[in-house]
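FYI, the numbering just counts along the sequence from 1. Source: prediction; values computed, not measured. As the structure lists them, so they are numbered: ligands from 1, and atoms in each ligand from 1.
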Amino acid sequence: MFTGKSIIDVHSLTRDEIEYILTKAAEIKQALQEKKPNVYNLARNKELLAALLFYENSTRTKNSFEIAAKRLGLETVGFAGTEGTSVKKGESLKHTLDMFHAYGCDVVIMRHHLDGAAKYAADYLDIPVFNAGDGQHEHPTQTLLDLFTIKEHLGKLTGIDIGMGGDLKYGRTVHSLAIALAKFRNVRLHLYSHKLLAMPKSILTYLKEHKVKVTVHSSFEKMLKNVDVFYQTRIQKERMPDPEEFEKAKDACRFTLKHMELTKKKFGIMHPLPINKEYPSIEPDVDYHEKALYKTQAGNGVPTRLAEIALSLGLLGKDFKGKTHTETAPKQTFMRELKVKKQEKKTDQSLKPIRDEGTVIDHLQAGTAQKLMYLLKVEERGDIYRGGTVRRLSNRRRLKAMLMIESRTLTDDEMKVVAAISPKCRVNTIQKGDVVKKVELRMPEVIENVKYLKCKNSNCITRVEFQEHITPKFIRAGKKILRCHYCDHLQEGKDLL
Ligand code: CP
């Protein structure tokens, strides 16, 4: 069911849902062209209100969403840029959301400069939230209009060759589009960019896991000859921490009319827009070419977004019969009890064993003992401890880290921290100098409400420097890998400090 659904990322849309949205959008596009309001003006006289909260600049997304909401029959409120709002007085995202909720808004459409902001809003509010772009993370409603345009032009979304260029590192549109295309059969992706702006490893890993054939090209021309559609993007200067990055990459991938001569007969060039007029990623004279799809593409923002709002408000979608996305509840088990062998008190020769009560954390990943001491507040509490890197008894050439804490037993929450930082380690409970319990830990499925853990993505909304007071939350994405619940950044547990 679509009713109440937020569109935050493309991960949480199934292929069936995407195809249904595109079908409804096609019906709405035709009705808009033929001015048949009975097909699209579905919220007339329903007194529904949309909040458009645009913390970042926008021409297309903001206006197409606003037009879509109005054509559907909603009234709109909100802001375009934070100038003139109380965000300038230091108001948090949570409090701003509270206001629009208190005013009775039925839907929130939000663009924000921080990764994960829309996910936070969707978790916090009980009304549908649309991510209109969050930092360098995702732009899912752009992806839906992109898919609509590809299908309109090529007649299909399977068995196609799609090129992507420009800024594959900071460009959120290409991240969302690549993930969405992975849901369709036999899509082959061709990437070309300056090496400083290559596609993030996390997206490449995702594509590999989903068996998408990805070719990273070193020749722009060769790539163009091979693709049905080339999706060009602007170099995202405003997101680069180092201005040198822009200087080096600004001219690396500029599409000209000369390039058009290399392309297939049914080729189309797309761009989410805007194009920077000083450093155009597509030369202005390409605009008039029949294979330039980006004006039509931008126009498709209205019918696709109208369909999305209508579906989330339950005004459409009663005949949807496909597969829906469901979040599975995480399993809470992350400890496996091991059999305690007799005479197991000799933990290692180079560290003095615990003679009375305490905990020995063994088989830690190298370099994690210090981090654990900090997270378990060992020094702050005045615990007596021994920790360090030691040789394994079984193999003297191999090293491991250990931490022994006297007179202390770890709580389940503390075990979870240990498991996240060094999965596969073992925790021994010592009584009267003997090991009485031994557990092996694995990466927990969810880690939340753990102080001091932080997402490695410096643009994540949960980072303390942004003062949004949002507690980080991580989801298991592999044996050693965690995914940030908000910004989807993949990271190893040992790096969460
Ligand atoms: N494509 C897109 O997001 O454009 P705007 O930044 O103008 O909204």
For ligand 1, output the ligand-protein N/O contacts shorter than 3.5 angstrom; if there are none, return none.
{"from": "ligand 1", "atom 1": "1 (N)", "to": "Gln142", "atom 2": "OE1", "distance (Å)": "3.1"}
{"from": "ligand 1", "atom 1": "1 (N)", "to": "Pro272", "atom 2": "O", "distance (Å)": "2.7"}
{"from": "ligand 1", "atom 1": "1 (N)", "to": "Leu273", "atom 2": "O", "distance (Å)": "3.0"}
{"from": "ligand 1", "atom 1": "3 (O)", "to": "Thr61", "atom 2": "OG1", "distance (Å)": "2.9"}
{"from": "ligand 1", "atom 1": "3 (O)", "to": "Arg111", "atom 2": "NH2", "distance (Å)": "2.9"}
{"from": "ligand 1", "atom 1": "3 (O)", "to": "His139", "atom 2": "NE2", "distance (Å)": "2.9"}
{"from": "ligand 1", "atom 1": "4 (O)", "to": "Arg60", "atom 2": "NE", "distance (Å)": "3.2"}
{"from": "ligand 1", "atom 1": "4 (O)", "to": "Leu273", "atom 2": "O", "distance (Å)": "3.3"}
{"from": "ligand 1", "atom 1": "6 (O)", "to": "Arg111", "atom 2": "NH1", "distance (Å)": "2.9"}
{"from": "ligand 1", "atom 1": "7 (O)", "to": "Thr59", "atom 2": "N", "distance (Å)": "2.8"}
{"from": "ligand 1", "atom 1": "7 (O)", "to": "Arg60", "atom 2": "N", "distance (Å)": "3.0"}
{"from": "ligand 1", "atom 1": "7 (O)", "to": "Arg60", "atom 2": "NE", "distance (Å)": "3.2"}
{"from": "ligand 1", "atom 1": "7 (O)", "to": "Arg60", "atom 2": "NH2", "distance (Å)": "3.0"}
{"from": "ligand 1", "atom 1": "8 (O)", "to": "Ser58", "atom 2": "OG", "distance (Å)": "2.6"}
{"from": "ligand 1", "atom 1": "8 (O)", "to": "Thr61", "atom 2": "N", "distance (Å)": "2.9"}
{"from": "ligand 1", "atom 1": "8 (O)", "to": "Thr61", "atom 2": "OG1", "distance (Å)": "2.7"}
{"from": "ligand 1", "atom 1": "8 (O)", "to": "Arg111", "atom 2": "NH1", "distance (Å)": "3.4"}
{"from": "ligand 1", "atom 1": "8 (O)", "to": "Arg111", "atom 2": "NH2", "distance (Å)": "3.3"}

Output all residues satisfying side chain to side chain donor-acceptor pair (under 3.5 Å) with Lys36, sequence neighbours left out; order by chain, then residue number.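 Once residues adjacent in sequence are excluded, the partners of Lys36 under the side chain to side chain donor-acceptor pair (under 3.5 Å) criterion are Glu34.
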
Side chain proximity check, [X] to [Y], heavy atoms < 4.5 angstrom:
{"X": "Leu53", "Y": "Tyr55", "result": "yes"}
{"X": "His271", "Y": "Phe230", "result": "no"}
{"X": "Val229", "Y": "Ile269", "result": "no"}

Cation-aromatic face contact Arg305/Phe65, 6.0 Å, 45 degrees: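 Judged by the rule (NZ or CZ under 6.0 Å from the ring centre, within 45° of its axis), Arg305 counts as positioned above Phe65.
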
Restricting to non-hydrogen atoms, name the atom on Ala252 and the atom on His194 that form the minimum distance, rounded to 0.1 Å.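 Closest heavy-atom pair between Ala252 and His194: CB-CB, 3.7 Å.
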
